[in-house]
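What's counted below: heavy atoms across the whole structure, side chains too, no hydrogens, waters or symmetry copies.
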Amino acid sequence: MNITASVNYHVTSTQPQAFCFEVDGIVGNLVTPELVATRVEVKDCRDGMNQIRFDDEGVAFLLSESVVSHFTGDDWQAQYDQEIADLLTRHIGAKEVLVFDHTVRIDAQDADRKPARNVHNDFSAKGAQQRLIDLLGQKRAEDYQQGQFGFVNVWRPLVQSITSSPLGFIRPTSMAAEDWMTIELIYPDRQGQILGVAENPDHEWFYLSNMTPDEVAIFNVYDNRHRPHLAHSALDVVGQEATTPRKSIETRTLVRYS
C-alpha cells in the first residue's frame, strides 16, 4: 500500500554539523544537527519487489529465513554472521564478507537504540575510507582499495511483521548531487562521517510493506566503484498509531568483490 509519511531531512548549512553520542557520558544522550520534518509520498514495491535489483538500485528485498530467533546474549552471533556472509555471497557476488556490527532497534521510549529518523546514508567517501582502515589496518586496507569493495547493510524485522515506522529509501536516480551534505559523528572513542540529505520534491521514496522476519533488505551504503548508495530513514506513517513497537536488526558488513 502506498503511504504518506513524515521524514526528517537535514538542513544545508555553512557551519559544520554533527551528531554527538553519549554526551556527558550518559548512554542514549544524543545531540543532533538541525532537522526539518517533511511529508513525502512513498510507493509500496511489494508487488514488484523482484524487479528491484542491487546492481541497479543499490538495494534488494529478499526472502531469507534465519535459524536464529533470539538476538540477545552472544550465542547467536556466529551463526547469524555466517548466514549473512552466505546471503551476500549468493546474491551480490561477494568474495569476502566481514560482519562488524549488529544493531537491534526498538521503537519504544525506553529503548537504547531507536529507529534512525533522519534521512541519511551511513558513510561519506571519507568516512568509508576511515572505517576501512579502522577495521583492517592501513596495509590490508590498501590491498582492498586495489579492487572493488563496499559497505553493505542487511536489515531484518524481528519477532513480528513491520506494521509501523518501516524503513524507506530514496531511488538514487531521483537524487541531485547538491542534496547530499557531510555530517560528523562524534562518539566518546572515535569519530566518523555520514551523508545527510536535504529536502527535494523530486525524491522518489519507496518501501516494502509488511516486511516479515523471514525477509531482508540488502542495501549499499558505499562502493568504491560507484554502485549507487541509498538515502534512507524510518518512516512515520501519517494517520497511523502503532499498537506494537517496531523491532529490527541491522547488520553492517564490509564486502570485497574482487
Between the side chains of [X] and [Y], does any donor sit under 3.5 Å from an acceptor?
X	Y	value
R156	T251	no
Q145	Q129	yes
T103	R105	no

- Identify, with sequence neighbours excluded, every residue that meets salt bridge (Lys or Arg N to Asp or Glu O under 4.0 Å) alongside R140.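 R140: salt bridge (Lys or Arg N to Asp or Glu O under 4.0 Å) contacts with E96.
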Does [X] use its side chain to pair, donor to acceptor, with the backbone of [Y] at less than 3.5 Å?
X	Y	answer
D81	V99	no
D214	L63	no
S13	Q15	yes

- Using a 4.5 Å cut-off on heavy atoms from C-beta on, say whether the side chain of P33 contacts that of H10.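 Result yes, sub-4.5 Å side-chain heavy-atom pair found.
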- Message: Strictly by side chain to side chain donor-acceptor pair (under 3.5 Å), give each pair with a member in residues 59-70 just once, sequence neighbours left out.
- Response: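 Every pair satisfying side chain to side chain donor-acceptor pair (under 3.5 Å) with a residue in residues 59-70: S66-E83.
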- Message: With ring pair (Phe, Tyr, Trp, His ring centres under 6.0 Å) as the test, pick out the partner of H102 among Y80, F71, W155.
- Response: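 So the option named by the test is Y80.
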Among the clusters formed by ILVMFWY side chains lying less than 4.5 Å apart, do [X] and [Y] turn up in the same one?
X	Y	value
V97	F100	no
W76	V67	yes
F169	I52	yes
V11	F19	no

- For the residue pair F151 and F123, categorise the inter-ring angle as parallel (less than 30°), tilted (30 to 60°) or perpendicular (more than 60°).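 Rings of F151 and F123: tilted, 30 to 60°.
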- Message: Using 30° and 60° as the class boundaries, would you call the ring planes of Y9 and H203 parallel, tilted or perpendicular?
- Response: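 Ring orientation of Y9 relative to H203: tilted.
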- Item | Carboxylate-amine/guanidinium contact R252 E250, below 4.0 Å |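 E250 and R252: salt-bridged.
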Less than 3.5 Å apart, which donor and acceptor atoms pair up between the side chains of residues 224-237 and the rest of the protein, not counting sequence neighbours?
residue	atom	partner	partner atom	Å
N224	OD1	F149	N	2.8
N224	ND2	G147	O	2.8
R225	NH2	Q146	O	3.4
R227	NE	D55	OD1	3.3
R227	NH1	D223	OD2	3.1
R227	NH1	Y257	OH	3.3
R227	NH2	D55	OD1	2.7
H232	ND1	H120	O	3.3
H232	ND1	L230	O	2.9
H232	NE2	H120	NE2	3.3
H232	NE2	D122	OD1	3.2
D236	OD1	R117	NE	3.0
D236	OD1	R117	NH2	2.9
D236	OD2	R117	NE	3.0

- Message: Taking atom CZ as the centre, does R39 end up with more than 12 heavy-atom neighbours from other residues, nucleotides or ligands that are less than 6.0 angstrom away?
- Response: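 At most 12 heavy atoms, drawn from other residues, nucleotides or ligands, come within 6.0 Å of this atom.
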- Enter the distance from Q191:CD to C20:SG here, rounded to the nearest 0.5 Å.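 So the gap between those two atoms works out to 9.0 Å.
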